[in-house]
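Bear in mind that the values here come from a model prediction, so they are computed numbers and not experimental data. When reading the values below, keep in mind they use all heavy atoms of this one structure, side chains included, and skip hydrogens, waters and symmetry mates.
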Amino acid sequence: MHRPLSVTPKMADLLGSILSSMEKPPSLGDQETRRKAREQATRLKKLQEQEKQQKIEFRKRMEKEVSDFIQDSGQIKKKFQPMNKLERSILHDVVEVAGLTSFSFGEDDDCRYVMIFKKEFAPSDEELESYRHGEEWDPQKAEEKRKLKELAQQQEEEAAQQGPVVVSPASDYKDKYSHLIGKGAAKDAAHMLQANKTYGCVPVANKRDTRSIEEAMNEIRAKKRLRQSGEELPTNS
């Protein structure tokens, strides 16, 4: 007969630690979460593959349009429909590889579009500025504007060489006010007065006293005696 296996306390502790370290079977909720995570990963991978394939197809289409543009000798520029940022980036790359020039225009990101130009017909600064303002480029109007600008600049240079402009009055002020003060008075008023030669209306030379002091005192005394003698004369009643 076989004796039954007895479990010692040490063996019981070891067995318990082994059982507790074993991974518990997933519950029903954990299984559902993992299933959804796998489905989401599958969808994400599928979307990435679709996006990658769309990029490849879009690039091929842009390469075809750029190639047709190069071969068409009647075209010097081409305007594309509005694109998103990623599509514009792909188109710019295709154009650069083809040896052309490209620019993006438009204020809003959804409305921005790309224009491509052949190297020999690269746009001028005025043409680019016109596109940036949403205007159509008119070479004839641009040429007229350029000529007017050159003419204005030439006139400014000629005026600077001639110096400041002297402004002459259209009429003489004496003629303008002659009906008020008379022609003779207007002419006399224009004469310069010689203040050092005349004083008022009497010449300074006539106002100078050439007598000596003694002669002046004798004359004053004589006038005084004459005045006193006249006062002492008796009056006839």
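- A salt bridge links E32 with R35; the closest basic N to acidic carboxylate O contact falls under 4.0 Å.
- Separating the CD1 atom in I56 from the CD atom in E51 is a distance of 11.0 Å, to the nearest 0.5 Å.
- A donor-acceptor contact closer than 3.5 angstrom links the side chains of E127 and Y131.
- Remark: E219 engages K223 in a salt bridge, criterion side-chain N to carboxylate O under 4.0 Å.
- Using a 4.5 Å heavy-atom threshold, the side chains of S67 and K64 count as separate.
- Put simply, the side chain of D108 never gets that close to the backbone of D110: no donor and acceptor are under 3.5 Å apart.
- When side chains are defined from C-beta on, Q155 counts as touching L151, because their heavy atoms get closer than 4.5 Å.
- Within the 4.5 Å cutoff, the side chain of F117 has no heavy atoms near those of the K78 side chain.
- Taking CD of Q154 as the start and CD of E157 as the end, the distance is 7.5 Å to the nearest 0.5 Å.
- Checked against salt bridge (charged side-chain N to carboxylate O under 4.0 Å, His left out), E129 has the following partners two or more places apart in sequence or in another chain: R132.
- Heavy atoms of other residues, nucleotides or ligands lying less than 6.0 angstrom from CD of Q81 number 12 at most.
- Under a cut-off of 6.0 angstrom, the local environment of CD in E107 is sparse, with at most 12 non-hydrogen atoms contributed by other residues, nucleotides or ligands.
- Cluster membership for V95 and Y113, using ILVMFWY side-chain heavy atoms within less than 4.5 angstrom, is not shared.
- For the pair V66 and L91, the minimum side-chain heavy-atom distance is below 4.5 Å.
- Inter-residue side-chain proximity for W137 and P123 is flagged as unmet; no heavy-atom pair is nearer than 4.5 Å.
- For the pair K77 and F121, the NZ or CZ position fails the cation-pi test of under 6.0 Å to the six-membered ring centre and within 45 degrees of the ring normal.
- Within the 4.5 Å cutoff, no side-chain heavy atoms of R112 are placed close to those of F105.
- Once rounded to the nearest 0.5 Å, the distance linking SG of C111 with CE of M83 reads 14.0 Å.
- Salt bridge status for R88 with D109: present, with a side-chain N to carboxylate O gap under 4.0 Å.
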**Message:** As a quick check of understanding, evaluate side-chain contact (heavy atoms from CB on, under 4.5 Å) for K55 and F58, giving each step before the final call.
**Reply:** CA-CA 5 Å; K55 291 180 181 180; F58 178 80; 5.8 Å; no
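- Neither F103 nor L100 shares a network with the other; the hydrophobic side chains, linked directly or stepwise wherever heavy atoms of I, L, V, M, F, W or Y lie under 4.5 Å apart, form separate groups for each.
- No more than 12 heavy atoms of other residues, nucleotides or ligands shown are found within 6.0 angstrom of CD on Q40.
- With values rounded to the nearest 0.5 angstrom, S102 atom OG is found 11.0 Å from M115 atom CE.
- With rounding to the nearest 0.5 angstrom, the CD1 atom of I76 is 15.5 Å from the NZ atom of K119.
- Under a 4.0 Å N-O distance rule, the pair R59/D93 qualifies as a salt bridge.
- With respect to E49 and K45, no salt bridge is recorded, no charged nitrogen being found less than 4.0 Å from a carboxylate O.
- You'll find the side chain of E96 stays beyond 4.5 Å of the side chain of H92, heavy atoms only.
- A 4.5 Å side-chain heavy-atom check between T101 and I116 finds every atom pair outside the cut-off.
- Using modelled atom types, one side-chain atom of T42 and one backbone atom of R38 make a donor-acceptor pair closer than 3.5 Å.
- With values rounded to the nearest 0.5 angstrom, Q54 atom CD is found 10.0 Å from I90 atom CD1.
- Within a 6.0 Å sphere centred on CD of Q50, heavy atoms belonging to other residues, nucleotides or ligands number more than 12.
- Taking the ring centre of F69 as origin, the terminal cationic atom of K118 falls inside the region bounded by 6.0 Å and 45° from the ring axis.
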